[in-house]
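Below is one structure, written out as structure tokens; the observations come after it.
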Amino acid sequence: MASSGIPIIHALLCCACLLIPATGLSQRHHSHKHVAFFVFGDSLFDVGNNKYINTTDQRANFWPYGETFFGHPTGRFSDGRLIPDFIAEYAKLRFLPPYLQPGNNQLTHGANFAFAGAGALDETHQGKVINLNTQLTYLKNMEKLLRQKLGDEDAKKMLFDAVYLISIGSNDYLSPYFTNSNVLQSYPWKPYRHMVIGNLTVVIKEIYKIGGRKFGILSLGPLGCAPAMKAIKKPGTGECIEEASDQAKLHNKALSKVLHKLQNKLEGFKYSMFDVYTTFEERMDNPSKYGFKEGKIACCGSGPYRALISCGGEGTKKEYELCSNSSEYVFFDGVHPTEKANQQMAKLMWSGTHNITGPYNLKELFA
């Protein structure tokens with residue numbers, strides 16, 4: 001696949017201060033003995049890398065993003081914390097700052113490479129995002145720095161013991177609906193799906209070569225039922241775009257088989273695959289069961305389902321509505337969960353039963 005065209009700008013930025021203790025927000029959670037935590041993916045996991053690339057049009061560095069927990073925008077696509085923030089808390093780690101943040105100086109705790117809009121395919125939002133392959137390159141650059149600072153053996157042990165969390169694929173399937181992409185004219189859904197999973201599999205194998213053994217992988221949610229999808233394609237009907245949700249199901253089924261094969265083939269390979277599809281579907285269809293009042297309308301945005309991507313009024317559409325209590329909603333904007341929904345998912349990923357997150361949960365991988 002073609003490269004993203006985004007320069008790799010950060011590898012040497014942290015070299016001089018790799019082992020200097022961090023200050024501020026990242027000191028909220030600290031452990032002298034810890035398992036490093038590496039995060040890859042898209043806007044579900046992006047804690048602010050989107051603030052540092054000027055080619056992207058997918059940013060969350062403006063109000064009301066970040067309004068609840070942080071009290072100011074941080075680049076997270078939610079009102080508060082994201083899943084990796086909660087996982088770091090549960091593992092008694094510091095919050096991982098954006099990898100691209102200048103002065104990021106806690107790399108011995110891991111790194112968050114995730115970038116809003118990223119896909120497993122280089123062509124997804126090409127030239128505007130840090131795609132999965134580039135995120136992998138950042139890890140490889142970081143490995144070299146760790147070997148220089150810690151020595152080969154300590155760096156090897158750190159990477160071997162670490163947990164690698166990945167959320168990728170949604171943008172690959174959604175971008176053809178939101179852009180003028182002709183990718184599906186070139187590739188029918190089945191070979192397209194094979195390319196998405198194939199690229200993800202290559203990245204997992206590359207992390208394994210570096211030393212990674214423990215992986216947390218998110219499945220895709222019911223993509224066609226995201227408020228933004230319904231608002232653009234079927235406004236006023238309340239109907240989901242079944243084709244998109246069906247592709248998510250097929251992706252999840254195929255990915256599960258691939259991960260099982262990797263576990264049988266790669267010595268020491270362990271994984272936790274979290275069922276995002278069922279978890280989200282249940283909360284959208286039965287919000288009150290999980291402490292929400294609204295599962296199908298976003299807290300922030302405009303238009304049908306308050307789902308047009310206009311939260312904050314930074315895009316072409318300046319007007320938007322904001323709910324009074326985001327904790328009552330599953331969705332904060334037309335695509336992204338609220339902090340409360342993120343926390344519920346993180347808890348299931350951390351200690352959920354193996355029918356929802358298996359064959360291991362993340363607590364078992366961090367142990």
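Since this is a predicted model, take the numbers as computed values, not measurements.
Put simply, the side chain of P337 reaches to within 4.5 Å of the side chain of L44, judged on heavy atoms. A 4.5 Å side-chain heavy-atom check between I210 and L159 finds at least one atom pair inside the cut-off. Between N50 and F115, the closest side-chain pair of non-hydrogen atoms falls below 4.5 Å. F331 places a side-chain heavy atom less than 4.5 Å from the side chain of M284. Side-chain contact between F86 and K347 is absent, with no heavy-atom pair separated by less than 4.5 Å. For the pair N112 and P84, the minimum side-chain heavy-atom distance is below 4.5 Å. Here the side chains of T124 and N131 are not in contact, with every heavy-atom distance at 4.5 Å or above. Considering only heavy atoms from C-beta on, L223 stays 4.5 Å or farther from Y177 through its side chain.
Within a 6.0 Å sphere centred on NE2 of H354, heavy atoms belonging to other residues, nucleotides or ligands number more than 12. No more than 12 heavy atoms of other residues, nucleotides or ligands lie within 6.0 Å of OH in Y360, so this atom counts as exposed by the packing criterion.
R193 approaches H251 most closely through the heavy-atom pair CD-N, 3.5 Å. Nearest approach of A60 to Y65, heavy atoms of both residues: O-CB, 3.6 Å. Smallest separation of non-hydrogen atoms from Y320 and G313: CD2-N, 3.5 Å.
For K363 and Y90, the positive end is not near the middle of the six-membered ring at less than 6.0 Å and at most 45° from its axis. Both tests pass for R213 against the ring of Y208: distance under 6.0 Å to the centre and angle within 45° of the axis.
Between K209 and E206 a salt bridge is recorded (basic side-chain N to carboxylate O distance below 4.0 Å). The residues K214 and D161 are annotated as not salt-bridged, no charged nitrogen and carboxylate oxygen being separated by less than 4.0 angstrom. The pair E89-R81 meets the salt-bridge criterion, with a side-chain N (NZ, NE, NH1 or NH2) lying under 4.0 Å from an Asp/Glu carboxylate O. A salt bridge links E143 to R147: one of the charged nitrogens lies within less than 4.0 Å of a carboxylate oxygen.
S245 places a side-chain N or O within 3.5 Å of a backbone atom of G224 that can act as its donor or acceptor partner.
Linking ILVMFWY residues whenever their side-chain heavy atoms come closer than 4.5 Å, directly or via other members, leaves Y192 and V202 in distinct clusters.
Applying the ring-ring contact (aromatic ring centres under 6.0 Å, His included) test between Y138 and each of F40, F38, Y99 identifies Y99 as the sole match.
Across the pair C300 and C323, the gap between the SG atoms, which is the quantity tested here, reaches or exceeds 2.5 Å.
Taking the six-membered ring where the residue is Trp, the centroids of F269 and F215 are separated by under 6.0 Å.
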